[in-house]
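By convention in this document, chain letters (A, B, ...) are assigned in the order of the sequence lines, proteins followed by strands, and residues within each chain are numbered from 1.
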Amino acid sequence: MFPIVATRQVARGIKLFEIKAPRIAKKQRPGQFVIIRLDDTGERVPLTLADANPEAGTITIVVQGIGKTTMLLNMLEVGDSILDIVGPLGKPSEIENFGTAVVVSGSVGTAMAYPTARELKRAGNKVISIVGARSKDLLVLEDEVREVSDETYVLTDDGSAGEQGLVTKKLQELVDAGLVNYVLAVGPVPMMRACAKVTEPQKIKTMVSLNSIMVDGTGMCGGCRVLVNNSSQFACVDGPEFDASQVNFDVLTQRNNMYREQEKQSIEQLLAQAEVAVAKQRANIHKHECAALTAGVAHE
Amino acid sequence: MSKSNNPLPNKERIKLPRQKMPEQLAQIRAHNFEEVNVGFTAEHARQESLRCIECGKPGCMEKCPVSVDVRAVMDFIVKGDYMGAAAKVREDNALPAITGRVCPVEDQCESGCVLGKKGEAVGIAYLERFVADWERESGQFGLPKQATPSGKKVAIVGSGPAGLACAGDLIQMGHQVHVFEALHELGGVLVYGIPEFRLPKDIVAHEVEALRRQGVVFETNVVVGKTVTIDELFQEEGYNAAFVATGAGLPRFLKVPGEHLNGIYSANEFLTRVNLMRAYRFPEFDEPLYPCTDRDVVVIGGGNTAMDAVRSSLRLGAKSASILYRRTEAEMPARVEEVHHAKDEGIRFEMLVNPVEFLGDEKGNLTAVRCTRMELGEPDDSGRRSPVTIKGSEFDTPCSVAIIAAGTTANPLIQSSTPGLQVTKRGYIAANDDTLATSKTGVFAGGDIVTGGATVILAMGAGRKAAKSINEYLKSLDGAAVETEKALAN
């Protein structure tokens, strides 16, 4: 069991967890991920590591509640535990001195890109971070990113923070100015695909972190297979980072939709349970109200 | 051997008919995940054990990869001492309830039974299963004796059949045994691969519990090579030896167009979702499965894994469930009993066909598999006649789910994270045939990670062999320590 030792709401629907997992904390490298299973009936879900503290024996994950498991996880608090966490899995990010490295991230992807940005900085790169989100309340770890970057640009779709626009707008400007030697893009598939398009004409080395559906995370099942340079690669052991110019994003999107119906059903079930809980709470209040009426006393 | 408890003379024993294994009716079991074979009653067991003529040189024991003393076990059963029989089996076989269910006995113990030469062999596996089930249902454990503690620590990597068998022997030899498992549940292929209807999970859990009671320590969620390396286990955690039994590895795909369509699984993934993750009980369990209900499912391959996958898909409500195999039934590597069970349940067998492409709709969902017909040509390296494509024989088989059971290749996790560990040309760990020692001192390896995909019992045999070598190696460490002390004293 893996106890949650600290939590922090970092944006709307996005929560940061520090979890006791000494073995993983000791070995974690930027770019790697863990697979969690909440309880005996839970599914296995891959989550990128945002940080680790080997001395304290803790790992940090930042979770956006989008499926049943992540929604449930985000309801847990300090004192709760997660049944299973395994890792660190996948290959660490490639860290070397590229010159100027641009780290582009969207929403919760920022938490995953952050440790790599920090390492790139340590390796001597000039690090430029481009942080995007739909709106201000979905921006995460902006301060942390600023601390490890030489320059940081914030963009939101609605202009509620930073510049209005997509991250690719800023990336295009930097590329056009001839300033970029290396790009890492972490975020939703359309964003990563768009970044790859921006850097392709000048053949700037661009890596993307792929969020395939996984089960075991050790190469055993092949469920996370992606088409890279027209050959099958397993995101769990060959990735999760791949050269963006070689990735077939269409296949990635198609495969990530494989369980859309079931995912919907699971969320509906969870929400229905919440509705039952609310109904139960209301019935209970009603009982108290009735009892108060019968007793003829005012109940606060 | 002590005097036999069997009251019958040999000429009477050989007249007794082999007892039939009671099984769930095919038309019922095809729709549930409960066990197919129901198991012997005590009366079945007595009748069957009476058939053993107690050969002077028992062929059954010789043909058993873990050398179970079958004759002695039979005698315990004849006597009605089932707990004694269980303890006797456990001396050589840490997982009797499992091997009694999944061993390819027609190639092993039962092929060595002298009765099989003229009639039918003694149902050794059925009896082994009976004994183990009796022990489990009694709520007690027939545990073997242990040697005095050696003070030595052994790390076992992988809790599949090789790892568990090795753990069972090493703990009896008095060593501390710590088993590391990458997944969240113990048992390796016994829990992620073999389906509930062939090997119920609570049986695996019981065998693991028997080992725990003997003192074996288990740790789940540790991917050796990632979470901790072999070198760290030796240098930082004080292990004296390690046994690498990480099992079969990466699934082999067909490398034909369309293999990324939705609805195409490796058998490993399909079975892991259904077995380990209990996806057949979705949404009670969270892990989803691409729907099989009322749809056509094809499974490509002819081994036990293919049989497990196709029979699982039928139980998930498939409209049709078919095996596509590029050779003929005679070359299929699956156990005879599995093929027989599958046919009874209504699985279709399409022989001499080879998939060349998967076809899908605009959403990327599988709609059909394009195959060619094959004929058998000259024998290949494996001695089997290799299939040759018949020109112009292409045809499409509609299907929504395709499961590829075309074997596995070596998982490089341990090899690539362990300096000094030699691998074979195909990427498996190189180990000495007799000792299972690797190129790295103190590290032994066995099971599928050395041989490539094989059977549960062969992996268990490797586990036992490794335990013996590790025991000798650990003793030699003491010897070496004594030598060093002597040298220092002089």
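When each of R278(B), K363(B), E237(B) is checked for heavy-atom pairs under 4.5 Å with chain A, E237(B) comes out on top. Between chain A and the residues V228(B), T272(B), L271(B), L289(B), the most heavy-atom pairs under 4.5 angstrom are made by L289(B). The greatest number of non-hydrogen atom pairs below 4.5 Å with chain B, out of I85(A), I24(A), V251(A), I35(A), is found for I85(A). Chain A forms more heavy-atom pairs under 4.5 Å with one residue of T408(B), D286(B), N411(B) than with any other, namely D286(B). Between chain A and the options K226(B), E232(B), H260(B), E185(B), heavy-atom pairs under 4.5 Å are most frequent for H260(B).
Between E269(B) and R273(B) a salt bridge is recorded (basic side-chain N to carboxylate O distance below 4.0 Å). A salt bridge links E284(B) to R281(B): at least one charged side-chain nitrogen sits closer than 4.0 Å to a carboxylate oxygen. At a threshold of 4.0 Å, the pair R225(A)-E259(B) does not count as salt-bridged, since none of the basic side-chain nitrogens sits closer than that to a carboxylate oxygen.
Y290(B) touches chain A through backbone and side chain together, each having a heavy atom under 4.5 Å away. Proximity to chain A (any heavy atom under 4.5 Å) is shown, for P412(B), by neither the backbone nor the side chain. Contact of E261(A) with chain B is not made at all, since no heavy-atom distance falls under 4.5 Å. Proximity to chain B (any heavy atom under 4.5 Å) is shown, for V237(A), by neither the backbone nor the side chain. For a residue to count as touching a neighbouring chain, one of its non-hydrogen atoms must lie under 4.5 Å from one of that chain's; by this rule R37(A) touches chain B with the side chain only. Using a 4.5 Å cut-off between heavy atoms, D250(A) does not touch chain B at all. Only the side chain of L413(B) comes within contact range of chain A, with at least one heavy atom under 4.5 Å from a heavy atom of that chain. Proximity to chain A (any heavy atom under 4.5 Å) is shown, for E181(B), by neither the backbone nor the side chain. With a threshold of 4.5 angstrom between heavy atoms, Q254(A) approaches chain B through its backbone and through its side chain.
The shortest heavy-atom contact between F33(A) and P46(A) is CD1-CB, 4.0 Å.
Among the candidates F358(B), F253(B), F270(B), the single residue satisfying the ring-ring contact (aromatic ring centres under 6.0 Å, His included) test with Y265(B) is F270(B).
No donor-acceptor contact under 3.5 angstrom links the side chains of T229(B) and D231(B), judged on distance only.
No donor-acceptor pair closer than 3.5 Å links the side chain of R193(A) to the backbone N or O of A196(A).
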*Taking it one step at a time, do T69(A) and E43(A) satisfy side-chain hydrogen bond (donor to acceptor under 3.5 Å, both in side chains)?*
CA-CA 7 Å; T69(A) 298; E43(A) 61 186 331; 2.6 Å; yes
_For a side chain to side chain contact (heavy atoms under 4.5 Å, CB included) check, start with the C-alpha distance between V34(A) and Q28(A), then their side-chain angles and the critical distance, and finish with the verdict._
CA-CA 9 Å; V34(A) 291; Q28(A) 178 264 358; over 6 Å; no
